[in-house]
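Step one of this worksheet: look at the structure below.
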Amino acid sequence: MPATAMFSTLKSRVGVGGGSQSSQNVLDNNPIVQYYEVGKVTATAGPELVWRIHDAYRKSDGKEVSVFVFEKRCAEKLHKPKRKETVTELLRGSVRQLERFRHPKVLQVLHPVEESSDTLAFASEPVLASLANILAFHQDAPSQAHQPATGASAQTSQNHPPPQPPHAKDYQFLDIELKYGILQITEALTFLHYSGHVLHRNVCPSSILVTKKGTWKLAGLEFTERMNDMDGLEPVSCQPWTSRLPKMAQPHLDYMAPEVQTSSVCSIMSDMFSLGMVICAIFNNGRPLIQANHSSSAYLKQIEVLEEQVHNALPRVPIALQEATVRLLSRESRNRPTAQLLSLIKYFSDPAVQALQFLDVINMKDPSQKSHFYRNTLKEVLPFIPRKLWFQHVWPCLQQEMRTQEVLAAVLQPIIHLIQECSLEEYENIILPAFRNVFSIPKTIQATVTLLENLHIILEKTPRDDIRSEVLPMLYNGFESTTIQVQSAALVAVTNVSEYLDETAIRRMVLPKMKAVYEKNSTDLKLVLNVLSCIEKTLDRLDRAQIIDEVLPMLWDVRLQDPDICLRVVNIYRLMLSDKKYGLSVNLMATRVMPSLLPQTVNPSLNLDQFTCLLEVLQEMLDHIDRNQRNKLKLDNMSLPSPERHRPLRHLYSSDNMHVPPFNIPNLRIEQRKTSSAEDMARKNSADSGMLGGWWFGASPSSPDSNFLRVNAFPNRRLSDNTLMTPKIRIAPSCASSPGGTPGGGGGGGLPIRRHSSIGPQERRGSTINLSPPTGGGFHYRSVSREGSTLSVPSAYTTPKKLPSLSDIRRGSMKLSNSHGKGYGMLLLGLSTIQGLGVTPWDPFSPGTSQTPYTAATRDLDSGARSMPSPLIGSFGQVQEGRHFGRTEPTLSHTWNHWKQQPPKTRSCEPALK
């Protein structure tokens, strides 16, 4: 707070009450007002609470202090002027004693005593109240059961209730505050006894001051006595309490040791008795166990029953402190523990108390001890220190240490914890005003790194205006540092606070600076990891051009041998694949990204999870490329003519058929899967031989499947017998004109085997089927496209003029089924069918004829003038009897050529009908 604001605040507080107004008027003549701006009275302390404590600020630097003022007119009721002067001298001497005994547990005097004709005044560290003020407030609570059980004390409390001090303070102590406060007073006595070699002689609530930091300080050194130099336990003579002296010139009777009043001697054990009485008053709602009301006789009566009073009050004392309290209040001084021994009991063995205790003496430690305490001890115990003491006791110490460069880095550790746990109001009102200067002042490297790495915690509660004006400039300056630790911390900070940065700052400030840092330190693995983390966090804030021109080249340049770096790069690519806005095209994937990632699939440093992540991203890239290229090729293929999109069958280019026009086997279609025995199959073949015409053409001319060869599966057959076997072709030995034939190569052993182009070499099987396209030129072939296949069949098959009826086919089959063999019927059926196509008859014996053998054979069979040779009949008989309708039948050209080679005299055909 500025000094002018402090002064105006203090002036507004002055004159709250008449007493305050009169005190302010009296102070006008005291020289202390030249140095301090004095405010209202907030507390009282000292013998009979004669010291009035004012809030004040030092004019030179605005430091908060407390000004103690003694108004001499308070002693005017003392009729003897000598007594009045005695009180003033006691108070003046107590201030000098405080200046002499400087200790963290003793009240610190900031300005020596100043005196005027009306007042005494001095300045000290800020004081909240005296312990007497705080305990006086608790005395108003109804606690008659807590009163001493003796009749004398009960009568005293009823007839003369203890007067409440004019400035009772409403303050509730925490358990840790009481524990820490009692320990502080014990340590103060240890210092006075063993270092100062003096006895306090007035340890009571009015001599104990609670500072605004929450620490307890020992004051009230008006009645100190020099102890025995040889042995502190040896008693020294002292003045007992007497009614002949003013009350404000004597120690508090209710807290006085019994040996002082009964034997006029005192020792360090007398101070320990007084401390035991203070402990009981604290846990007894502020009421002391002895309430003598300034009467020595009442005191002596109550001291006799003190043991019983202790027993009654003991249940309210913490268990760990009960034994020590009983011993402290023992009437025998040798049974009481010393201050050194008391501080070692288990009750005070609390890490939080020890941390608070170290903070009180932090100014006496060297920088290395301070750094270790702030970085380790305090940071660990802060969660166990009550929130009330964070800003009352801990923060003032941290605030002071922030001005020291040597320990600033260590002090920032507990400060960050306070910022993280405090409320927004506490941060803005208490911490931020002092913490704001840390952003701009010169700092050590370690302090800067600590601040940058925890910047996200600070920005969560810092106002936006302060972020832009104070915090972000410090962040940008971190990139320009010549120290790699600071640069790496700046990258970490950007990763953590990216949501507080706008897109303009990221594109124009962060990305160029980050790229420059990477180019200078591309071999540092930790820095490269931080750069990749920063890219991953800010990628969605960059525009497409920056990603393509700056980010992707940086990723291609990164060395991927380290598993962590490889995984970080893979995660960035995964993020780019999720949205097209990042500009990762399939061309970049195929030409730059995948070639850089594929070698890492055999990187032995990758574990299973990392390897799986890498493969997932590569597979995703392949899927993108696959979808893109397939769609592109489909669009290009749609512009080609339909026939050109289909590839011809392999047997069109077979070497076996190279001398004949191309010919394709008709398509096959299986209507159903049924089974039959071999006997049923043979019987069905002989009975339904008239179906050859339907088998040859597949169906009626009007059927849409007339171009398919239909294979009928038979019922009652084994499932394995339904396999459709590819036909094997045997060439008749007499068919010299047939392509692939072997004239004269026949014999009783069967015909040579000719493999179709679609048959594998492992499936050679003997067959009597002779299948080959005709060699004549009377038939022309036409390409017929059906479901993506190219078929070359005779044009006469595709456009018949007239097909025979079913009755004609059956009649011809019955006529030819006689004793000469079944070949007659099959040949006649095939030839008559061809004649039904409208082919002109041809005389094979007429010279100069040009008609095909098919028409000649048809004419000869119709006239009945020729005789079918027996080998041909036998050949067809084998076909009819040995093959069912799952096999391919012979062509007519082979039959005709075989028959025509016979001598003319033997070519007379037997009548088909008798």
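Small disclaimer: the values here were computed from a predicted structure and weren't measured.
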TODO: Carefully, step by step, assess Arg96 and Glu99 under the rule salt bridge (Lys or Arg N to Asp or Glu O under 4.0 Å).
DONE: CA-CA 5 Å; Arg96 296 194 180 108; Glu99 294 181 83; over 6 Å; no
Open item on the list: Classify the ring geometry of Phe68 against Phe122: parallel below 30°, tilted from 30° to 60°, perpendicular beyond 60°.
Closed with: parallel
- [ ] Taking atom types as modelled, find out whether Glu114 and Tyr36 have a side-chain donor-acceptor pair closer than 3.5 angstrom.
- [x] no
Open item on the list: Ignoring hydrogens and geometry beyond distance, is a side-chain donor-acceptor pair present between Asp366 and Ser368 at under 3.5 Å?
Closed with: yes
Open item on the list: Less than 4.0 angstrom from a charged side-chain N to a carboxylate O is my criterion; do Glu125 and Lys213 meet it?
Closed with: no
Open item on the list: Name the residue from Pro205, Pro288, Ser206 that meets the side-chain contact (heavy atoms from CB on, under 4.5 Å) definition with Leu135.
Closed with: Pro205
Task: Flag for Thr119-Asn29: side-chain donor and acceptor within less than 3.5 Å - done: no
- [ ] Given side chain to side chain contact (heavy atoms under 4.5 Å, CB included), test Trp390 with Ile385 step by step and report yes or no.
- [x] CA-CA 7 Å; Trp390 286 359; Ile385 297 178; 4.0 Å; yes
Open item on the list: Evaluate Ser130 against Asn133 for side chain to side chain donor-acceptor pair (under 3.5 Å), listing each step before the verdict.
Closed with: CA-CA 5 Å; Ser130 67; Asn133 298 148; 2.9 Å; yes
Task: Residues that Ser270 engages under side chain to side chain contact (heavy atoms under 4.5 Å, CB included), provided they are two or more places apart - done: Ala257, Glu259, Val260, Cys266, Ser267
Donor-acceptor list for residues 100-107 side chains, cut-off 3.5 Å, not counting sequence neighbours:
unit_1 : atom_1 : unit_2 : atom_2 : d
His103 : ND1    : Lys105 : N      : 3.0
Lys105 : NZ     : Asp360 : OD2    : 3.0

TODO: Please test Lys388 against Glu177 for salt bridge (Lys or Arg N to Asp or Glu O under 4.0 Å), starting from the C-alpha separation and ending with a verdict.
DONE: CA-CA 10 Å; Lys388 170 186 175 182; Glu177 289 183 278; 2.9 Å; yes
